[in-house]
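Take a look at the structure set out below.
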Amino acid sequence: MRNDLIQLAYLVAAIGFGLSLKWMSSAPTARRGIFAGEAAFVLAIIATLFHDGLTGEGYALIAAALLIGSAIGVPLGLKVPMTAMPQRIALSHSFGALAAGLVGIAHYYLERANVGKFEMAVLGFEIILGCLVFTGSLMAAGKLQEILPQRPITFKGQNYVNFAVLGAAAVLVILLVLDPSRTALIPPIIVLSLAFGVFLIVPIGGADMPTVIALLNSYAGISAAALGIVLDNKLLIVAGALDGMSGLILALIMCRAMNRSFRNVMFGAFGQLQESAPGDGGEVGNVRSASFDEAAEILKASRSVVIVPGYGMAVAQAQHKVREFADALEAEGVDVRYAIHPVAGRMPGHMNVLLAEANVPYDKLLDMDEINSEFPQVDVVLVLGANDVVNPAARHNKSSPIYGMPILNVDQAACVMVIKRSMRPGFAGIENELFYDPKTLMVFGDAKHVVGELTTEVTGQRDAISI
Amino acid sequence: MRNDLIQLAYLVAAIGFGLSLKWMSSAPTARRGIFAGEAAFVLAIIATLFHDGLTGEGYALIAAALLIGSAIGVPLGLKVPMTAMPQRIALSHSFGALAAGLVGIAHYYLERANVGKFEMAVLGFEIILGCLVFTGSLMAAGKLQEILPQRPITFKGQNYVNFAVLGAAAVLVILLVLDPSRTALIPPIIVLSLAFGVFLIVPIGGADMPTVIALLNSYAGISAAALGIVLDNKLLIVAGALDGMSGLILALIMCRAMNRSFRNVMFGAFGQLQESAPGDGGEVGNVRSASFDEAAEILKASRSVVIVPGYGMAVAQAQHKVREFADALEAEGVDVRYAIHPVAGRMPGHMNVLLAEANVPYDKLLDMDEINSEFPQVDVVLVLGANDVVNPAARHNKSSPIYGMPILNVDQAACVMVIKRSMRPGFAGIENELFYDPKTLMVFGDAKHVVGELTTEVTGQRDAISI
Amino acid sequence: MLTNEVIITSLFIFAIAGFLGLEVIRRVPKLLHTPLMALTNALSAISLVGSLLILGEAHTTYSKIMGFVAVVAATVNVVGGFLITDKMLKMFKKREPVKAKVEVGQ
Amino acid sequence: MLTNEVIITSLFIFAIAGFLGLEVIRRVPKLLHTPLMALTNALSAISLVGSLLILGEAHTTYSKIMGFVAVVAATVNVVGGFLITDKMLKMFKKREPVKAKVEVGQ
Ligand SMILES: NC(=O)c1ccc[n+]([C@@H]2O[C@H](COP(=O)([O-])OP(=O)(O)OC[C@H]3O[C@@H](n4cnc5c(N)ncnc54)[C@H](OP(=O)(O)O)[C@@H]3O)[C@@H](O)[C@H]2O)c1
Ligand SMILES: NC(=O)c1ccc[n+]([C@@H]2O[C@H](COP(=O)([O-])OP(=O)(O)OC[C@H]3O[C@@H](n4cnc5c(N)ncnc54)[C@H](OP(=O)(O)O)[C@@H]3O)[C@@H](O)[C@H]2O)c1
């Protein structure tokens, strides 16, 4: 009876997780989605605590562990700047994977006497996944936080080495399936899987990390589902399946928006310094550059401005200044909108989150599809720390690594203004001919600084007039 | 092992049913959806035949039954005019419900010795649902086919009688749950449920039948799922749940599009002759009517015509003539489109199916939301056997039974032409002031006949000119 | 006799499948509502699976009679239902693929 | 030891839930992809349920140690994950309800 109630609580929690994801499909219901997810989680935890067989000592340990976990989790979640989101998610992820791996291992040691063949196979799979997601997520967080080198580290035959490591782990699991009592095989499986997690991420550039995180998320979901199969826990299966699908779809969407394949992301060592890429030295060539007051003058005089934010805005944390600047322009009667490329920044929806943080209403953020046909009617496009997402080479240069990626057609506007620190390339490591276009004006400097100066110019000039 | 394979086949079939419904969400993939559904069904049947415990005699009987069923089902499915769709679906439905009810009953008789309490409750629920859907669907088919009177038949206290019948059946089921060996209770449960199915439909007007069919479909799904729980068959549960949801959502959509509540459909006795409804005698009052050649002249001279088909087009089977007529007009350089109200006709999507039958490409069929803003730019609206869906009373007359239902704003067009046989009202039984609007021209006659004549006039006149 | 565990598992599957049904059906455009009704009508004959077992096991004369009628009836439903759906949808395919007009139902 | 039946039931649930996930996630607009990643990150800590059982049953010293670390780690993930998501979404709510701009993701 008690167990039945627990199972019913799990059923309710599973529905709660489903609703939680469903409500994420529109901004007005998204917070309700979080609450559903949280409520479902709390219900699941409480129901679990009612299981038969938990001892007094167990409860004490659980209380201590929950407290310690919360004490670490709260600062991890609260004290995080918006720009550090990707690495925080990766870090949090590695913790979850660690738990999944440990549970699988502990379950093996406790039940090895009566574990079936299929069960052992699923369990082995689960342990491999848990371990590799653990180290993989740590590596991803390290790369994003720039503790580890962002550039992909490659060597000849790397993929073969990686697959040899994974293959060895798989062979050991097969040996375990044949005879689940071979306890000695577990430690090498763990070590190999942890190593594979590291090796998997080493050759991937820091900027590809968001895709990798989505994929690791998917693996974590699948490992939770596998754990659910082994423990015969349906809630784990449902939550794991939802999660596994979610990560997979997000990773696919990101790849598609960059016009790259999974394989290329995982094994392509993208973002390496390209030998032939010219202009990555920072020397300023045949470009027109403008001073702050010239730029402000042009912006003030225009009727419609479209701001194209990119990774540079995130790095410079310029979103609040951008908002102030847009307010100032609007006070001058200029129509200001934002064009959001699907892979601008380093995470899907990165720009949306940052601009939302700065209180830009989300109906001012236009998707690529919405805005692309309107550029010919725009007076000034302000490219703010974006690079690849406005690179016309994607349209016509078949040899470019970003060829085929849909871009924002900013070169159709009357005037393009680009704010960045130098002539250095962006994520893809390639030259951008847009900067050499006669109608392009470069405004060099840190995004936050430049936008602040522009705001002063715009409002200052207005004061001068009103004197 | 064999049983495992059967279960895996059921798993594949369940996914197939899911895909089948998923692919129904767009016209280009819809046929793939049917194939997925059919393949899943065939797989389910084949897998079932491999079950342990089927006897030689059993196989012979199954072969015979499948043959007989197909021999009845094929003509039922193939030889059906498009206008008779709703009643055919209802009829086919009653067969399925009969099967569900019988399986439940047979299972009870075979297993009564060791049936648990919860199991008995589910089984009783399943038998009630199966029986009531059986007679309910038969009644619905009869009303739609006009074998039974279409008008709702009501008497005082009817709802109380109905609920007493259902309540009695429920009480008997409860007695059975308390002691599942009370075999004698089964026949009265069956009789009461069959009776309830009849009583439920008696007070509902023929025109509300599509909503009722959707609802009965939902019940049938739920009864299949209940059967799945009792038989511990996961495929039945999945298919039943999908089906139950589908019927429910369709019924809700229909109700919402008519701006009515479930309660009103089920217990409102809608469609009764309303005492106060004037003008239902067929006398032609203060209206302008036009002859065929006058009407054809106007249509030919216009630049854009929107055809609003309604139930009358379905009754008259005029869709092919309409297509010819539209071709003739287009040959004259007139732009012809169709405006489809969500509840035009008697089934959701009724007009779409009929016009598709006549090869009208579906991008010419415009939804209410798409076309409503365009009516002011339309020269002539041709209302073809539609009535309620263009009744302006829905917009402003608070006492009207259709008040609040969104309608096609045809009265904003330059000229409205209405083809119907008389001044009689439509489904809702109410007067339509549109017919008295000075810019409305009535063209009396059967839809098929009138449209045929108009085509002759249009093409005939062209011939006359070309001489 | 079913154990509580089996019953709760069944409820799990019912709930998740119902949720899936809700999400999938909501996307079906009005254009396809009548074919959808016909298709789900065919699917609702899934009790054919149960009928086949009752008939095939041929336990008692009663069960044989009931099973026989049930198999016949369910077969009529499934065959008729799929044929009706197929017939309806054939009509939607006459034209060259026009732009997929998928509106979100309600 | 799991029976084949239990395993197949699990696969059933996995398949239907995965299908549901596919349908639901596909509708999430780009606008919300980063919060979605954060939310699913929190949900992936569901192995907390398994960790609690291992720790609570306190069978062996090893299982206690592993369970303890697992519960701590999973708690970090779930608490951190939900807080991050919450923080992100709070930002989306500052304005009066603007027209719900739900585009179908891909
Ligand atoms: N969003 C995603 O989901 C995702 C995931 C993985 C990969 N990506 C990839 O990331 C790229 C995103 O394109 P993007 O145009 O946003 O960025 P980008 O191409 O990486 O370019 C960013 C530019 O910002 C400038 N910048 C850096 N720091 C700055 C600062 N403090 N102030 C001003 N400018 C600064 C840099 O130039 P300077 O050094 O000269 O200042 C750089 O050229 C795409 O290639 C995409 O495929 C995106
Ligand atoms: N679509 C659905 O899912 C659904 C479901 C349930 C209920 N309904 C209800 O059905 C109604 C549908 O509206 P509607 O405008 O399509 O139809 P309607 O309001 O029922 O009107 C149909 C009109 O067609 C005329 N007509 C009948 N036979 C004809 C023939 N052979 N030739 C020419 N005209 C003929 C009738 O007038 P004469 O007799 O003068 O010819 C009648 O006024 C709505 O009230 C809706 O709520 C729809």
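Numbers restart at 1 for each chain; the letters A, B, ... are given by sequence-line order, proteins then strands.
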Among D/A17, D/G56, D/G21, single out the residue with the greatest number of heavy-atom pairs under 4.5 Å to chain A. D/G56
Checking A/A64 against chain D: side chain, backbone, both or neither under 4.5 Å from a heavy atom? both
Counting heavy-atom pairs under 4.5 Å with chain A, the top scorer among D/I16, D/V49, D/L48, D/N4 is D/V49
What part of A/I249 lies closer than 4.5 angstrom to a heavy atom of chain D: side chain, backbone, both or neither? side chain
Among A/L110, A/I68, A/N114, single out the residue with the greatest number of heavy-atom pairs under 4.5 Å to chain D. A/L110
Minimum-distance pair of heavy atoms, taken over all atoms of A/A44 and A/Y10: O-CE2, 3.7 Å
Highest number of heavy-atom pairs under 4.5 Å with chain D among A/H107, A/E111, A/E119 belongs to A/E119
Option in A/L98, A/L227, A/V74, A/L76 with maximal non-hydrogen atom pairs under 4.5 Å from chain D: A/V74
Tell me, for A/M351 versus chain D, whether the close heavy atoms (under 4.5 Å) come from the side chain, the backbone, both or neither. neither
Do A/Y109 and D/T60 pair up side chain to side chain, a donor and an acceptor below 3.5 Å, judged on atom types alone? no
Examine whether an atom of A/L231 lies under 4.5 Å from a heavy atom of chain D, and if so say whether it belongs to the side chain, the backbone or both; otherwise answer neither. side chain
Would you name the heavy atoms of A/G16 and A/A36 that are closest together and state the gap between them? O-CB, 3.9 Å
Please look at A/H93 and chain D and tell me whether the side chain, the backbone, both or neither of the residue comes under 4.5 angstrom of a heavy atom of that chain. both
For chain D, which of A/L355, A/I105, A/I229 has the most heavy-atom pairs under 4.5 Å? A/I229
Need one label for A/A30: side chain, backbone, both or neither, based on atoms under 4.5 Å from any heavy atom in chain D. both
Pairs of heavy atoms under 4.5 Å with chain A: top-ranked of D/L20, D/V6, D/I7: D/I7
Please determine, among A/G116, A/S246, A/G96, the option with the most heavy-atom pairs under 4.5 Å with chain D. A/S246
Of the backbone (N, CA, C, O) and the side chain (C-beta and beyond), which part of A/V122 lies under 4.5 Å from a heavy atom of chain D, both, or neither? neither
Counting heavy-atom pairs under 4.5 Å with chain A, which one of D/L2, D/V71, D/V24 comes out on top? D/L2
The interface call for A/I62 against chain D, heavy-atom contacts under 4.5 Å, is both
Options D/L36, D/N41, D/V79, D/T3, ranked by heavy-atom pairs under 4.5 Å with chain A, top entry: D/N41
Most contact-rich option vs chain A, by heavy-atom pairs under 4.5 angstrom, among D/I13, D/L43, D/N77, D/I65, is D/N77
Residue A/S223 versus chain D: region with a heavy atom under 4.5 Å: neither
So which of A/M254, A/E38, A/K22 has the largest heavy-atom pair count under 4.5 angstrom toward chain D? A/E38
